Structures are given as C-alpha cells and as structure tokens.
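Each chain gets a letter, A, B and so on, in the order the sequences are listed, and its residues count up from 1. Below, all heavy atoms of this structure are taken into account, side chains as well, without hydrogens, waters or symmetry copies. The structure presented is a predicted model; accordingly, all values stated were derived computationally and were not measured.
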Amino acid sequence: MEYNFREIEANWRKFWAENKTFAAKDHSDLPKYYVLDMFPYPSGAGLHVGHPLGYIASDIFSRYKRAQGFNVLHPMGYDSFGLPAEQYAIQTGQHPRITTEQNVARYRDQLDKIGFSFDWDREVRTSSPEYYKWTQWIFKQLFNSYYDENQDKAVSISALIKEFEANGNANVKATTDYEGTFTAEEWNAYSEKEKEARLQEYRLAFLADSWVNWCPALGTVLANDEIVNGKSERGNHPVEQKLMRQWSMRIKAYAERLLTGLEGLDWTDSIKDIQRNWIGKSIGASVEFAVNDSDKKVEVFTTRPDTIFGVSFMVLAPEHPFVDEITTEEYKTAVEEYKASASLKSERDRQADVKNISGQFTGAYAIHPFSGEKVQIWIGDYVLASYGTGAVMAVPCGDQRDWDFAKHFGIEIINIFEGVDISEEAYTEKEGKIANSDFLSGLTVKKAMKRAIHEIETRGFGKGKTNYRLRDAVFSRQRYWGEPFPVYFQDDIPYLVEDDKLPITLPDVDKYLPTEEGEPPLARATDAAWGDQLQGDRMDYNTMPGWAGSSWYFLRYMDPHNENEFVSKEKVEYWNNVDLYIGGSEHATGHLLYSRFWTKFLYDLGYIPFDEPFQKMINQGMILGRSSFVYRTDETNQFVTSSKRKEFKTTPIHVDISLVENDILDIEAFKKSREEYANAEFILEDDGTYVCGHEVEKMSKSKYNVQTPDELVEKFGADTLRMYEMFLGPLEQSKPWDTQGINGVHNFLRKVWKLVHDRDGNITVTEDEPTKDALKTLHKTIKKVGDDLDRFSFNTGVSNFMICVNELSDQKCRNKSIIEQFVVLLSSYAPHICEELWVKLGHEAGTVGTQPFPVFNPDHLIEANHKYPVSFNGKMRFMLELPTTLSKDEIEKEVLAHETAQKWLDGNAPKKVIVVPGKIVNVVI
RNA sequence: GCGGAUGUGGUGAAAUUGGUAGACACGCUAGACUUAGGAUCUAGUGCCGCGAGGUGUGUGGGUUCGAGUCCCUCCAUCCGCACCA
C-alpha cells in the first residue's frame with residue numbers, strides 16, 4: 001500500500017479539529033510557553049509559499065515544546081483592518097467587512113491545509129467589534145494618562161489635574177510640549193476649553209495641530225514609519241507636509257525606556273540597531289545664546305559642549321521662528337529670498353542636496369555666553385527645524401558641516417584642539433585635549449564635557465540635556481476601515497465615550513470616500529447611521545491606524561472572549577509575555593516599537609506584569625520567486641528556446657510558472673494560455689523541447705511566479721510542504737523558491753512509510769531487541785534533532801531525519817521500539833503521517849503529540865574503534881581505524897608504523913606528532 | 001559617510017568548542033529492474049589531471065601542528081539610517 005497522504009491528512013485534520021487537540025489550558029501546573037506568529041493581513045491574493053514559512057517553524061517549535069512538557073499557547077488571528085479592503089470598497093461599493101470576511105475564510109482554509117497546531121478557539125480579528133472595543137478602551141487609558149518623569153511612568157491625568165488645582169504646574173515634571181508655567185489660581189480661572197487645551201499637551205494620547213505627512217493619493221496622514229524614501233509605503237505615492245489637527249501618541253515619553261529595554265531582549269542586533277537608530281538618543285546640553293540688542297535668546301542643542309569656545313557663528317533653520325524678528329533691515333530682502341528658495345525644496349531634496357552649501361547672514365549677532373564676544377547669526381538649510389531646537393552653535397573646528405559652511409562663507413575658524421591641524425578638515429574625534437578655551441583648556445574631551453555642562457548650569461544659561469530623534473506618532477487616519485475613536489466633540493472640546501458605551505462601532509456610509517469638504521469618510525455617516533452612539537455635537541470622524549490593533553493582540557489571545565476586561569489579571573499572570581515571536585523584520589520601526597510602547601504603558605498602569613512583549617524574536621527571511629521566461633524574437637514573433645536565444649534579437653517575457661516544469665515549457669498549455677500565443681511558432685532545442693530561462697525575483701502576481709501552498713499540498717501533501725519549506729535553508733535567510741527539490745523530501749516520507757509497511761500494506765515491525773547499530777542511529781538522531789530545535793536550525797533537523805531513515809533502511813531495521821521513538825521525534829515536523837503511523841503501531845489516536853520527547857542516551861554512541869584521519873602537515877592522507885582505548889603514545893606508534901605513513905615520511909623522522917584522541921592525528925614533517 | 005547582515009560545487013545548503021570541507025537533498029552521467037510509477041536499486045559527480053597527485057570556502061595577509069571557523073586588510077551584494085547639531 002502506498003503512502004496515501006491525501007486521505008491520511010484529511011482524516012487527521014478532521015480529528016484535530018473535532019477533538020480540539022491543541023487547545024491551550026489557562027490553568028496548568030505545567031510551565032507555560034508562548035509561541036506567537038505575526039498575524040497576517042488577510043489580503044485578496046491569499047497565501048503564497050512565503051507566508052507559511054514562519055508559521056511552519058513556529059508550529060514545529062510549539063509541538064516540540066509540548067513534547068518537552070510545556071503548556072503551549074500557540075494562537076493565530078488576523079490583522080483585518082487595512083487599506084486594500086477599503087480600496088476595493090471604493091471601487092465596488094462592497095462593504096470592506098464583506099471583503100475581509102471572504103479573505104479571512106480563504107486564509108483559514110489555506111492555513112488549515114498545512115496542519116498547524118493553532119488553538120483556533122482563541123482567534124482574534126482586529127476588525128471585530130468585540131476586539132476593537134478593547135483597542136478603544138486602551139486608547140481611553142492613554143488619553144487619561146500623562147507621563148510623570150519623577151516616577152518615570154505613566155500616571156492618571158486626574159492626579160495631574162489635582163496638582164494643577166493645588167499648585168499649578170511649578171512642581172510638575174512631565175513629558176509635555178508645554179513650556180510655560182502657571183499657578184493654581186491661573187489654572188482655576190481657566191475656562192473648560194482652556195483647561196482641556198492645556199491637558200492635551202500632557203495626555204499620552206492627544207489632539208494637536210501638528211505637521212503631518214499628508215498623502216493626497218491615499219487621502220490620509222501617515223506615520224513616519226509608513227513612509228519609505230519620501231513616498232508612502234503602501235502604493236508608493238508622494239507625501240507632503242501639512243499642518244493638521246490630529247490625534248498623536250506621546251511615544252517620546254518612553255524613548256529612554258524603549259532604548260534601554262532592548263538590552264534584555266533576545267532579538268537580532270540588526271533589529272535592535274534599527275530601533276536604536278530610530279529612537280536616536282544624543283546626550284549633550286542645551287545652551288542659550290542671547291541675541292545682541294534684543295531680549296531674545298536662541299536655544300541650541302549640542303552634543304559637544306566641550307567645544308563651546310570654538311563657536312564662531314550660529315545657524316538657524318530657515319523656518320526658525322526668530323528669523324524674521326532678528327534679521328536687520330539691511331539683510332531683510334536677502335533673508336526673504338533665501339527662505340523662499342529653501343521652502344521650495346522638499347525635505348527630501350534638501351537631504352539629497354548635501355554637497356551644495358547654502359546659507360544667508362541675518363545681520364544679527366549673538367553674544368557668546370562665556371567669552372561675551374559677538375558671533376554672527378546665519379540661516380542655513382543644513383539645520384533642520386524639526387530636530388533639536390532648530391538652531392546650532394557652529395563649531396567649525398570640530399564639526400565637518402560647520403567647517404564646510406565657514407570655509408564657504410569665509411567665516412573665522414577657531415582652533416580649540418591642542419596640537420591638531422584643522423586647515424584641511426574639521427577634527428571630529430572625541431579624543432585629545434581642549435586648548436584656547438579659558439577654564440576648559442588642558443582638559444581631555446571627556447572631562448571638558450562635564451566641566452562645560454557644570455559651568456553652563458551654574459552660570460544659568462543652559463543645562464545638560466538628552467535629545468531624541470523619535471517623534472510622537474500620528475494616530476489618526478482619514479479612512480473608513482479602521483477603529484473609530486471613542487470620542488465625541490462638544491463645543492470643539494473632545495470628550496471620551498463612557499466605557500459602558502463601548503465599542504463605538506463603524507457606522508454605515510454611502511461611499512467610502514472623503515466628503516466634498518475633505519472630511520474623512522465617517523463624516524458621511526448620518527445621525528441615523530450612528531444611532532444611539534451619537535453624542536455631543538459630533539463624533540470623531542477619524543479612525544485609528546493599522547498599528548493600533550496589532551499593538552496589543554498578543555494579550556487578547558490569552559483571554560479572547562473576556563467581555564469585562566481586555567485580559568484578566570489571572571490569565572496574563574499565567575501566560576506572561578511571548579517567549580518566541582516569529583515574523584518578518586520589516587516591522588522594525590512600526591509594530592515592534594509601538595507594541596513595546598503600549599506594553600510599557602499597560603505595565604505602568606498595573607494591568608500586566610511585564611514591560612516587554614516579545615522576549616525572543618526570530619525574523620524569517622523572504623522566500624523569493626523563481627520566474628520563468630520565454631524569449632520572443634523582436635521581428636518575427638517566434639519564441640526561441642533558451643540555448644538558441646543569442647542567435648536572435650529577443651525580448652524575455654515572464655511566463656506563468658504553472659506552464660513550466662523543470663524549465664521545460666508545456667507548449668500546448670502555453671498556446672492556450674493567451675489568445676495572442678495561440679498561433680505562436682517556436683524554435684526548439686535539438687531534442688524538440690522548449691527550455692525556459694529563469695531568474696530569482698520577489699514573488700508577485702505580475703511576475704507570474706507565485707507558488708501557492710494549496711497546489712503543493714494537493715500534489716505532495718502538507719507534511720512534505722512543511723518539511724520542504726524547512727529544508728530550503730536557514731529560517732532567517734532569504735532564499736529562492738524552487739519546487740525541484742520537493743521530490744526529495746516527498747521520497748523521504750515515502751521511505752518513512754516503508755519502514756513500517758511492506759508493499760502490500762502489512763505492518764512489518766518486530767518486537768525483538770533493537771540492534772546496536774539501530775540504537776546508535778536513533779540516539780545520534782535524538783541528540784541532533786533536539787540540539788537543532790534548541791537553536792532553531794530547522795533545516796539541519798530535516799537532514800538528520802533523512803540520514804536516520806537512510807541508515808535504518810540500510811540496516812533493514814524493523815524494530816518497533818526504534819521506529820516508535822523515531823515517529824515521536826518526527827511528529828513535530830510531519831504531524832499527519834506520524835499520527836497515522838503511531839496508531840498503526842498500536843497506540844491511541846491523537847496521542848503522538850503528547851508523547852515526551854525521546855531521551856538521549858550517550859551510552860549507545862560509545863564505540864570500540866575510531867577511524868582516525870591521519871594528516872601530514874595538516875593535509876589528510878589516509879584513514880586508520882584504531883581502538884578508542886589506546887593512549888596518545890600508542891596511537892602515535894600505530895600511525896607511524898603504518899605503511900602509508902612510511903611512504904609520506906619517506907625515511908625522515910617526523911618533527912612532531914599531534915594526537916587528539918578520538919579526533920585526529922597530524923604528523924609534522 | 002555610519003551601522004547591520006551575507007559571501008562555500010551546476011543548485012539549495014552542511015560543518016554547534018579551530019580537528020576528514022562539501023553532510024543531506026536537487027540536478028546531472030552511466031547502468032540495472034520493470035506490475036511504466038512524479039517508482040525503485042547500483043555506481044559516479046568541487047575543480048585540474050589518464051594517473052600519482054595538485055588545488056579549493058569572495059581578495060590579500062597573519063596566528064596555529066592544523067583555519068570555512070580566530071585576527072587584520074580589501075572587495076562584492078543586500079538591509080537600515082543619513083547635513084540629527
């Protein structure tokens with residue numbers, strides 16, 4: 001009887017679903033292990049073979065952990081709010097909910113076919129009201145909180161209001177955009193609107209007029225991480241800066257904790273570096289420079305306060321608010337012109353155009369706070385308005401950009417470094433000694449920094465300061481298919497909807513487009529559509545961004561049906577954070593940063609007992625497509641086979657990979673595939689076949705190189721697909737998809753089947769004592785497979801199974817106990833066939849997954865002899881089998897006595913002989 | 001420019017602490033068998049050479065009895081950041 005994978009797999013899928021074999025228990029004496037996949041956006045295209053790669057790895061690992069005696073949480077869900085469903089709705093008028101449901105059903109069907117051990121009773125969908133009720137609830141907590149820098153955590157805003165009422169903001173140290181001070185009397189005299197406006201500057205979720213990335217083509221604002229090279233990540237549309245009243249998240253408050261928290265995480269260095277870079281911490285000082293003949297003070301941020309005596313001019317960003325006020329009459333026109341030309345350049349152009357030095361003197365002077373000397377104030381577009389204070393103190397001797405600027409405009413360059421030549425370029429090393437700098441002269445850079453900050457602080461014109469590049473995250477989108485805000489407006493003041501009114505569900509609209517006035521689609525909803533959800537003058541028309549729902553979904557899996565809390569304390573305390581997270585690295589600055597932020601926030605409020613969501617993370621590589629090409633002649637419209645294409649002028653054309661097998665084109669199918677090919681002519685290989693060319697590219701519909709898991713499951717079975725995806729190479733690496741090798745893996749499973757069956761399907765296992773060889777093979781495999789799983793080396797795991805089966809087959813092993821343990825070992829990789837064989841070997845159905853992982857016994861690997869590779873000067877010359885009991889000297893004697901050794905020695909005595917018992921022998925001559 | 005990752009046969013790759021480079025698989029070559037099946041079996045397959053042998057892990061150097069692995073140099077590819085003060 002042949003290995004009938006179709007029947008076997010269908011049966012076991014049904015069995016697992018009916019028996020809820022993989023349901024995770026919320027209460028258990030077993031230790032817990034939480035394995036999580038990044039949940040997918042259910043797109044209309046369905047899954048291709050690249051998507052399940054990580055899911056297969058995490059599934060194997062989950063099954064392995066179960067075998068090791070862990071209570072494993074391994075859930076799956078859908079990040080089901082998003083743009084494609086909405087774009088489709090705009091085109092067709094079909095509600096995105098319907099599209100989404102269809103796509104989810106398709107995904108589920110595809111996932112089910114691969115035999116994952118997900119606990120489907122815990123499925124979450126970010127677009128379901130039961131789920132986004134709690135996304136809205138978390139938003140409310142953020143709105144109701146501010147960041148207290150004294151306690152270094154988020155605290156309820158009501159505490160802040162009390163403090164304002166009692167003492168104003170004099171004693172408050174909070175993360176805020178508000179820089180002024182007010183007394184209790186002033187606060188209490190504020191109108192409600194004024195109070196709320198002030199509070200907005202403290203809340204962690206707040207409404208503010210801010211410069212946002214507006215994408216006209218998508219009709220919405222975007223967060224910084226949603227912009228790649230100045231274009232929208234989705235659709236590659238242009239993005240412009242626009243001042244808009246938007247919801248934002250004060251993620252800046254968590255900058256330091258997001259940075260230091262990385263240290264304890266088992267993530268790749270590259271992702272950690274990307275996050276560090278994104279947060280962009282720099283330590284230095286803020287210093288005020290008084291403007292001559294003015295009461296204005298220009299604040300600058302510098303990382304090199306030690307070089308303050310090297311300041312020979314200052315540069316403001318052209319957009320700096322002081323520019324107009326300080327510019328002297330004489331320079332008004334020139335400054336205006338410069339500002340105008342700078343504003344014409346987009347941020348991106350300004351960044352691209354690094355080599356062109358430009359700037360304009362304002363006519364104004366600043367007073368150096370220490371020397372009291374007058375320094376020129378310039379404007380220049382190399383200073384960015386959005387970073388630091390939008391102004392720099394220019395130290396040309398120590399900063400290359402300042403040096404270039406000074407050279408270009410002929411400004412004095414003061415050298416404050418001892419024994420360093422700065423005539424050709426600036427000295428940017430943070431080493432050496434400071435000179436020519438009053439009280440800093442003679443100090444090392446390090447000491448001078450401390451001293452400078454100390455002096456700046458004691459003399460009262462600045463303070464030590466840490467700056468972050470991380471910007472607050474824009475949190476509203478002008479879209480339909482997202483979470484509505486639990487917010488209504490009364491007299492333009494935002495109010496939160498009460499908890500018992502949550503969720504605020506999406507109202508129906510007539511069109512999924514902005515209104516004529518440019519309001520978001522939700523503004524189209526009639527009062528009737530809002531129903532009794534409507535409060536105040538109007539509801540908030542924005543929806544939340546894609547990352548809202550995904551920032552906390554890993555918590556909901558722990559308690560997915562809880563109607564009273566987002567997660568119960570008891571359950572989150574048991575499951576704790578994610579032990580292993582598998583997903584792509586493309587979320588480095590988006591999802592992975594925002595989840596960490598929300599986790600820390602919920603931790604601060606005492607709702608969860610951990611402040612990092614994902615302890616260990618593995619980023620799987622991308623699976624690339626292997627495109628096939630036919631070559632059409634430019635003039636005669638013939639198709640030329642690959643080897644002869646150089647004889648003609650041809651254009652390569654993508655051909656659907658389903659029409660190609662082993663690079664050979666199915667000519668008849670090709671002719672039928674498109675009308676224009678129906679009468680195509682071919683120039684063939686000499687053997688009469690048409691051979692296609694190929695190239696490795698990203699998998700995409702337009703390149704006709706998409707391989708779906710469905711067809712492979714149909715052809716070879718899920719177990720083969722699972723093992724083949726793992727066999728392709730290391731999980732983290734990107735690799736091309738190539739179906740050619742899948743036969744090898746399929747044959748392996750057939751060999752496994754044949755270990756247990758004869759040709760007629762009879763079970764052939766014997767119950768005698770296992771042979772030494774079989775025990776050695778098995779235990780070698782137990783050790784290697786276990787070690788490989790522990791280091792997530794899934795590809796070498798597959799090789800080890802193959803080696804094991806090859807050896808057992810060679811040994812004609814039919815021993816039941818050996819085969820049973822092998823089946824248990826293999827069951828995490830190929831669960832269907834192993835369940836089937838397990839039952840055939842006489843065990844209860846569905847229990848192979850709960851068998852303990854086989855225990856490695858090193859005794860079985862002990863050998864009487866070792867085959868020593870004997871090298872001369874490091875080059876292996878021959879093998880010599882010797883008893884392992886021999887001493888070093890005895891080994892040396894045996895080796896040198898060997899006739900091949902005599903040949904290589906050629907009568908000479910060896911200079912030295914290195915013997916590593918049980919390993920190698922090396923003779924030096 | 002800065003930071004990170006990766007470079008090994010025709011292909012995907014392996015080599016976990018420095019110890020037989022290329023396991024395992026694909027592909028290919030030759031043969032066997034035939035209940036013609038995406039079957040199985042045998043032998044071979046890094047490169048050069050009939051062979052003995054030589055040579056070989058991106059380049060060049062170093063440490064070592066011994067280097068894919070450790071150190072230095074350079075090159076290529078990919079990813080992230082980039083006038084960040």
Side-chain angles (χ1 to χ4, degrees), chain A residues 2 228 268-278 280-282 284 300-304 307 315 317 350-357 380-384 386-395 398-402 404-405 467-469 585-586 588-589 621-622 626 661-663 715-716 724 727-730 732-748 750-751 754 759 784 787-788 790-791 793 795-796 798-804 806 867-879 910-916 918-925:
Chain A
E2 274 293 293
V228 178
T268 62
D269 288 339
S270 102
I271 296 263
K272 286 189 188 181
D273 274 345
I274 290 170
Q275 290 211 348
R276 283 191 192 109
N277 215 325
W278 190 260
K281 179 180 183 176
S282 36
V300 298
F301 174 73
T302 176
T303 55
R304 295 294 303 270
T307 63
V315 187
R350 267 167 73 166
Q351 286 173 12
D353 194 11
V354 178
K355 281 175 200 120
N356 265 327
I357 296 162
D381 65 7
Y382 82 93
V383 177
L384 305 175
S386 58
Y387 183 77
T389 61
V392 300
M393 58 176 224
V395 183
D399 183 289
Q400 194 58 44
R401 293 153 308 176
D402 295 345
D404 293 339
F405 195 87
N467 214 24
Y468 299 92
R469 200 176 70 94
S585 55
E586 67 272 19
T589 53
M622 208 190 334
R626 188 177 186 276
E661 196 162 340
N662 288 356
D663 287 337
K715 264 187 180 169
F716 299 101
Y724 185 56
F727 189 58
L728 279 176
E732 303 89 334
Q733 237 166 64
S734 287
K735 53 228 155 192
W737 178 261
D738 186 348
T739 342
Q740 296 215 355
I742 200 166
N743 279 313
V745 174
H746 189 65
N747 285 341
F748 159 74
R750 295 164 56 97
K751 280 188 206 167
K754 282 197 280 187
R759 276 169 170 265
K784 285 195 163 168
D787 287 354
D788 285 350
D790 286 334
R791 62 193 177 104
S793 178
N795 54 325
T796 51
V798 178
S799 305
N800 288 322
F801 288 124
M802 289 174 166
I803 293 167
C804 181
N806 288 346
K867 272 189 187 169
Y868 282 91
V870 180
S871 299
F872 287 78
N873 289 342
K875 288 204 168 78
M876 209 281 286
R877 295 305 180 184
F878 66 96
M879 301 294 289
K911 278 189 192 148
K912 198 175 176 185
V913 180
I914 287 109
V915 177
V916 184
K919 292 258 167 149
I920 54 105
V921 177
N922 189 16
V923 183
V924 187
I925 49 176

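Glycosidic conformation of B:G9: syn, with the torsion inside 90° of 0.
Closest approach to the A:Lys919 side chain among B:G19, B:A23, B:G80 is made by B:G19 (side chain taken as heavy atoms from C-beta onward). Nearest nucleotide to the side chain of A:Ser799, out of B:G27, B:A85, B:C24: B:C24. Each of B:G66, B:G12, B:A85 was ranked by its minimum atom distance to the side chain of A:Phe727; first place goes to B:G12. For A:Lys735, taking side-chain heavy atoms from C-beta onward, the closest of the listed nucleotides B:G66, B:G12, B:A23 is B:G12. For A:Arg469, whose side chain is taken as the heavy atoms from C-beta onward, the closest listed nucleotide among B:G12, B:C84, B:G4 is B:C84. The side chain of A:Lys754 sits closest to B:U40 out of B:U40, B:C24, B:A5. Distances from the side chain of A:Arg791 to the nucleotides B:U20, B:U16, B:C26 place B:U16 closest.
Here A:Asn806 reaches the OP1 or OP2 of B:A25: one of its side-chain N or O atoms lies under 4.0 Å away. In this model, the phosphate group of B:G12 is not approached by any side-chain N or O of A:Gln733 to a distance below 4.0 Å at OP1 or OP2. Side-chain N/O atoms of A:Arg401 include one lying less than 4.0 angstrom from OP1 or OP2 on B:C84. The shortest distance between the side-chain N/O atoms of A:Arg877 and the OP1/OP2 oxygens of B:G54 is below 4.0 Å. Residue A:Asn747 has a polar side-chain atom (N or O) positioned under 4.0 Å from OP1 or OP2 of B:U40. In this structure, A:Arg750 does not reach the B:G37 phosphate: none of its side-chain N or O atoms is under 4.0 Å from OP1 or OP2. The side chain of A:Asn795 contributes an N or O atom lying less than 4.0 Å from OP1 or OP2 of B:A14.
The base of B:C81 is not paired with the side chain of A:Asn277 by any donor and acceptor separated by under 3.5 Å.
Residues A:Ile803 and A:Met876 both approach RNA chain B. Their nearest nucleotides, taken by heavy-atom distance, put A:Met876 toward the 5′ side. Along RNA chain B, the nucleotide nearest to A:Ser871 and the one nearest to A:Ser270 differ in position, and the one closer to the 5' end is contacted by A:Ser270.
For the P atoms, the distance from B:A52 to B:G38 is 42 Å, rounded to whole Å.
Not one N or O on the side chain of A:Ser793 forms a donor-acceptor pair closer than 3.5 Å with the backbone of A:Asp788. Using a distance-only test at 3.5 Å, with no hydrogens or angles considered, a donor-acceptor pair links the side chain of A:Tyr868 to the main chain of A:Gly918. In this structure a side-chain-to-backbone donor-acceptor pair under 3.5 Å is present from A:Arg469 to A:Asn277.
We find the CG-CG distance between A:Asp738 and A:Leu728 to be 8.5 Å, quoted to the nearest 0.5 Å. Remark: A:Tyr724 OH to A:Asn795 CG distance equals 12.5 Å, nearest 0.5 Å. Distance check, rounded to the nearest 0.5 Å: CH2 of A:Trp278 to OG1 of A:Thr589 gives 4.5 Å.
As judged by a 4.0 angstrom heavy-atom cut-off over every strand, A:Lys715 is placed among the base-contacting residues. Among the protein residues, A:Asp273 comes within range of the sugar-phosphate backbone only, with heavy atoms under 4.0 Å from sugar or phosphate atoms but none that close to a base. In this structure, A:Asp399 reaches neither bases nor backbone, as no heavy-atom distance under 4.0 Å exists between it and the strands shown. Within 4.0 Å (heavy atoms only), A:Met879 reaches at least one base atom of the nucleic acid. A:Leu728 comes within 4.0 angstrom of the backbone, heavy atoms only, and of no base.
Rounded to a whole Å, the NZ atom of A:Lys911 is 15 Å from the C1' atom of B:U64. Atom P of nucleotide B:C24 and atom NZ of A:Lys751 are separated by 10 Å, given to the nearest angstrom. Note: CD1 (A:Ile920) to P (B:U69) measures 17 Å, nearest angstrom. Regarding A:Ile742, its CD1 atom lies at a distance of 12 Å from the P atom of B:G27, rounded to whole Å. Following rounding to the nearest Å, A:Asn743 (CG) and B:C26 (P) show an atom-to-atom distance of 8 Å. Here B:G80 presents its C1' atom at 13 Å from CG of A:Asp269, a figure rounded to the nearest Å. Per the geometry, CE belonging to A:Met622 stands 10 Å off C1' belonging to B:C79, to the nearest Å. For the pair A:Trp278 CH2 and B:C81 P, the interatomic distance rounds to 7 Å; values are reported in whole Å.
Under the 3.5 Å distance criterion, with hydrogens and angles disregarded, a donor-acceptor pair is assigned to the side chains of A:Asn806 and A:Lys751.
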Problem - Per-nucleotide pairing state of RNA chain B [Watson-Crick or G-U, under 3.5 Å; [ ] pseudoknot-crossing; | other strand] - result: (((((((..(((......[....)))((((((.......))))))(((....)))..(.(((..]....))).))))))))....
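Between A:Phe748 and A:Phe801, the angle of the ring planes lies from 30° to 60°, which puts this pair in the tilted group. Aromatic ring orientation, A:Tyr382 versus A:Phe405: tilted (interplanar angle from 30° to 60°).
Taking 4.0 Å as the cut-off between side-chain N and carboxylate O, A:Asp273 and A:Arg276 count as a salt-bridged pair.
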